[in-house]
Amino acid sequence: MTILFFLFATVILVSAVMVVSARNLIHAALWLVSTLFGVAALYALLEAGFMAVVQVVIYIGAIAILFIFAVMLTRRELRDKGPGLNANWWLSALISALVFGGLLFLLSGWSGFSKASAGLPSEFDAVGALGEALVSPQAFVLPFEVASVLLVAAMVGAVYVALKQK
Amino acid sequence: MATETLIWLLPLPPVLAFFLIVLFTNKNKALSHTIGVGAAALSWLGSMVVFSRALGVEHLGERPFTSSIPWLPTGETWLRIGVLIDPLGAAVLFFVAWTIFMIFLYSVGYHNFGQPEGDHDRPGLQPHGATVTDEHGHRHVVPSVEPMYSRFFAFLGLFAFGMYTLVVSDNLLTLFVGWEIMGLCSYLLIGFWYGKESARNAAVKAFMTTRIGDVFMLLGIAFLYSATGTLTFREIFTEEVLHALATTTTPILGLSAVGLIALLLFIGTVGKSAQWPLHVWLPDAMEGPTPVSAMIHAATMVSAGVYAVIRMFPLLTADFDGHTLTTAMSVVAFIGAFTALFAATIAVAQNDIKRVLAYSTISQLGYMIAALGIGAYVAAAFHLITHAFFKALLFLGSGSVIHGMEHGVLHTGNHHVDPQDMFNMGGLRKKMPITFWTFLVGGFALSGFPLITAGFWSKDEILADAFGHGHLAVFVTLAVAAFLTAFYTMRQITLTFLGEPRTKEAEHAQETPWTMTVPLIVLSVFAVTYGWVGIPEHFPLFGGILPNWFHNFVGSTLAEEPEALPFNLIPLMTSLVVALGGLLLGWLAYRNVKTPAEDKLQIPLLKNKWYFDEAYDFLFIKPSYWFAETFVYKWMDKGVIDGILHAFGHATAFLGTWIRNYIDKAIINELIGDGSARLTQWFGGRLRPIQTGRIQQYMLASLGVLIVIGGLMFSLLVK
Amino acid sequence: MIPLSWYLILSAALFSIGLFGVLARRNAIAILLGIELMLNAVNINLVSFWRYGDVTQMAGQVFAIIVFAVAAAEVAVGLALIISVYRTRKTVVADELDLMKW
């Protein structure tokens, strides 16, 4: 198990670094796909099977594809010009490092930091419970419905914004 | 009506007349003079009633008509004012009422009531005649009516109010009030024709000169009040008060209190009755209309001065032992006698008919004052009353003469002829007979023509008193003055009425209307008969036929009735000689004189009044003007005070400019105002490039700040 | 076996890398890629807390589902905006889109 974790963690981190440093945007998008795959695998490791599948379908199948489309629609030439990073990249790196360090520092003070995982209860239907939680009035049906409204709005908005005005 | 109430009401009609005329009837001449003369008649009637009742009271001196009311609250006590008619008051009231009434009546004719309005007459100047066309088409110039007719009666009414108040008052306060009212009216009436510069100056001169006297009088009143606590005559003239005052000494010249008070009050009379050295205003006062001259300068105002001294006689003689004159009395006698002679010398050289009478008045007043100075109470009062009658008569007569002359002037049209100059007259006895005879009576009375004129009896009594008590210096001075009086009076009569007319204007003179001649006749009756109430008992032949009513009546006013002097032949002979001699000499000297050049007595010293006016101008007037114009106005007011103010102004302006330039502009505007703006601009300029519009840079900045703040808070909270 | 901390460190690192991408990349679409990375880090966090907490409480997963939805919506709208901007300005370089300035 631990080995699998390290493997997937490496995949994720390396791919992420490539995402942010690839000059060619298509390469960056593809590296994003890789990162997403790694995350999905991690979900599986965390025994959240539904999440893993949804990750692949939604993120990779829809969002990453969308990115590739957008990249293709916004270039004059097939070749990327200029550097991938802007002038202040060193400051950004510093800030990010500081954020990382700060987060770690905060987390390290938390008591539950080194917790071990508990076992799953037997006869536990994770997906069913999730489904029930999503539609149960005592649980999270409201956020669920609101999210769907949000998606409608986003859809309409995106269509309107990107519509070519004649 | 009770006599006391009547006495209170006596001054009322004239003052009512004043207000009515001023407020309502100023435009209506007939109504105004009706109100005026009616008021004078009412007061005259009341006075006659009071006088007749007073005659009927036994021992009026001890039980006079008196009534008073509390007036000014002074702490625990009250200052009372009221009325008093004792024998002296009754006698004075008699002549005041008659003369005022006659003068009111006379003024109607004098100001040409009924005549047309003048061609170029303006208020403020004398009327100059109106051109009238008669039925044949001939044009004459006739006398025109006075434009300020009603105003004259209003002022006369106010004046009468003042005089009545003075006569009926029982205390020094209301006496002084009446005194001052008359001073004001004198100013108003002398300057009646205010368009004339000489009249204006004369009015101011009169007021200023009498004011000097009034200030000292007020000091005397104040001193008296503080020494005795009262101003009522009957309370002052008691044994205890007089004795107390007589024995208190004052630090001034070693005088006793009573002497000092008497002198201070006397100075008021010196001013009011035009005695030397404050005599300078009376001749100039002839600028006023003749009724004014008669009223003010014969009958009433100048008499008021003498009346005041007569009233104060007990005060004057409080420490008099009967033989040696006290200091105060000596001063009074000296000034009186000196003035009598001094004024007589000037009168002989005057050519204006009114000026002669003015100096004559000063001289006769000197007689009365001298009489009081030597202690001749009854004689002084007697002469006061007879003089009032015949001097009023003489002045009104002169007014009549001037009127007649003006008629002549209007006839000939030659306005350069002075109708008042005696050398332009002559022969007027034929043209103006009534005026002539009444003037003659008055003139003889003034000279002291024996037996049949009142002046003889009163003047003789003064001379007798002077001689009888051994005051020979006074006797001689008064005798010489009497000689001069007769001389200049006859000069006046000769030049004016006798001989032939010297000018065309005199030829065309006319007698004046009844409103002017009737008062003359009435007054001449008094000028003759009034003397007979005071014939001394021991007079040869005539003494004893009529009792010496005057002596007994008026003498009873005093606490100790003065005794009648035994008869002495010397003063009688002296007065006969000087009177008849003066008259004869005057006629002889002047019956052939035609021009001033032939008049040997036109000596410059006398003609110019011994140069007193010039002296006063040099000593007092010019320095006062210098003080006012140069010292006070130029140096103090403009130089010092304005200088200080200008300095303040300059200092403030300088300070203001300095503040403006160095603080306001430099510091506040530049440094703080503009400076802060520039600082903000500089900062803004520096900070502006931060806003690049690039979102990533914005995010970097916000994250950076977040980290900083987070670190700060974390470090703070952990501690 | 695998402590929770490892998952948390991993998500923190992923988050920081995403942050770096957002701050430092020139292309606007690359910025959106960075945002995706950050969202994924958040999701990892949520799911691991679900797993290592009370498993019967579905709140962690539900939250992650909602995050999915939001991410999807946001990407759609964001890319639409970038396309629209590209059409008018002919550029997707973030530095050149600087109208929000003084």
Side-chain angles (χ1 to χ4, degrees), chain A residues 1-2 5 9 12-13 16-17 19-20 25 28 32 35 39 42-43 46-48 51 54 58 62-63 66-67 70-71 73-74 82-86 89 92-93 95-96 99-100 103-104 107 112-117 120-121 124 129-130 133-134 140 143 147 150-151 154-155 157-158 161-162, chain C residues 1-6 8-10 12-21 23-27 29-30 32-34 36-37 40 43-44 47-48 50-52 55-56 58-59 61-62 64-66 68-77 79-84 86-87 90 92 94-95:
Chain A
M1 297 298 262
T2 323
F5 173 78
I12 289 172
L13 288 176
V17 170
V19 165
V20 298
L25 264 185
L32 180 72
T35 314
V39 172
L42 212 60
Y43 286 154
L46 282 169
E47 289 165 277
M51 298 298 302
V54 167
I58 302 289
I63 291 174
L66 195 56
F67 266 112
V71 168
L73 284 172
T74 59
L85 298 174
N86 63 15
W89 66 266
S92 316
I95 299 262
S96 311
V99 167
F100 179 60
L103 281 169
L104 278 186
L107 285 172
F113 197 42
S114 311
K115 217 161 131 179
S117 73
L120 276 174
F124 182 61
L130 177 62
L134 279 176
F140 301 101
L150 174 69
L151 286 170
M155 193 159 56
V161 166
Chain C
M1 295 205 304
I2 302 173
L4 175 60
S5 56
W6 290 11
L8 297 183
I9 294 170
L10 172 66
L14 190 58
F15 186 83
S16 308
I17 293 167
L19 185 62
F20 175 72
L23 293 176
R25 291 285 267 169
R26 281 180 78 225
N27 200 316
I29 301 176
L32 279 171
L33 288 172
E36 287 311 308
L37 287 177
N40 275 287
N43 267 350
I44 295 175
V47 174
S48 25
W50 168 76
R51 179 66 180 82
Y52 279 74
V55 180
T56 54
M58 300 315 290
Q61 286 208 15
V62 170
I65 300 276
I66 306 294
F68 272 139
V70 170
E74 164 249 324
V75 163
V77 174
L79 287 174
L81 280 171
I82 290 174
I83 286 169
S84 170
Y86 179 73
R87 280 206 199 109
K90 298 283 179 270
V92 284
D95 279 348

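Because the structure is predicted, anything quoted here is derived from the model rather than measured. Naming: A, B, ... by sequence-line order, numbering from 1 per chain.
- Side-chain contact between A:Phe100 and C:Leu19 is absent, with no heavy atoms from C-beta onward closer than 4.5 Å.
- Taking both residues in full, the closest heavy atoms of C:Arg25 and A:Val19 are given as NH2-O, 3.8 Å, listed atom of the first, atom of the second, then distance.
- Scanning both residues, A:Leu151 and C:Ala73, for their nearest heavy atoms gives CD2-CB, 4.0 Å.
- Contacts between C:Val92 and chain A at a heavy-atom distance below 4.5 Å involve the side chain alone, from C-beta outward.
- Heavy-atom minimum distance, C:Gln61 versus A:Leu130: OE1-CD2, 3.2 Å.
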When you look at C:Leu10 and A:Leu42, which way does the side chain to side chain contact (heavy atoms under 4.5 Å, CB included) test go after all the steps? CA-CA 11 Å; C:Leu10 172 66; A:Leu42 212 60; 3.3 Å; yes
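- Atoms OH and CD1, on A:Tyr43 and C:Ile44 in that order, are 6.0 Å from each other to the nearest 0.5 Å.
- Shortest non-hydrogen contact noted between A:Ala158 and C:Ala80 is O-CB, 3.4 Å.
- Using a 4.5 Å heavy-atom threshold, the side chains of C:Leu33 and A:Val20 count as separate.
- In terms of heavy-atom pairs under 4.5 Å with chain C, the best-connected choice from A:Ala62, A:Ala16, A:Ala133 is A:Ala16.
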Apply side chain to side chain contact (heavy atoms under 4.5 Å, CB included) to the pair C:Ile29 and A:Thr74, showing each step before the final yes or no. CA-CA 9 Å; C:Ile29 301 176; A:Thr74 59; 3.2 Å; yes
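- The minimum heavy-atom distance linking A:Val161 with C:Ser84 is given by the pair O-CB, 3.5 Å.
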Please step through side chain to side chain contact (heavy atoms under 4.5 Å, CB included) for the pair A:Leu134 and C:Val62, ending with a clear verdict. CA-CA 7 Å; A:Leu134 279 176; C:Val62 170; 4.0 Å; yes
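- Looking at every heavy atom in both residues, C:Arg26 comes nearest to A:Leu85 through CD-O, 3.4 Å.
- Considering only heavy-atom pairs separated by less than 4.5 Å from chain C, the leading option among A:Ala28, A:Ser92, A:Ala129 is A:Ser92.
- Interface residue C:Ile66: only side-chain heavy atoms are found under 4.5 Å from chain A.
- Here the side chains of C:Tyr86 and A:Leu73 are not in contact, with every heavy-atom distance at 4.5 Å or above.
- Between chain A and the options C:Val47, C:Leu37, C:Asn40, heavy-atom pairs under 4.5 Å are most frequent for C:Asn40.
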How far apart are the C-alpha atoms of A:Val17 and C:Phe20, what are their side-chain angles, what is the distance that settles it, and do they pass the side chain to side chain contact (heavy atoms under 4.5 Å, CB included) test? CA-CA 9 Å; A:Val17 170; C:Phe20 175 72; over 6 Å; no
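- Within the 4.5 Å cutoff, no side-chain heavy atoms of C:Trp50 are placed close to those of A:Leu46.
- Among A:Ile58, A:Leu13, A:Ile95, A:Leu103, the residue with the largest count of heavy-atom pairs under 4.5 Å with chain C is A:Leu13.
- With a 4.5 Å cut-off on non-hydrogen atoms, C:Ala59 touches chain A through its backbone and its side chain both.
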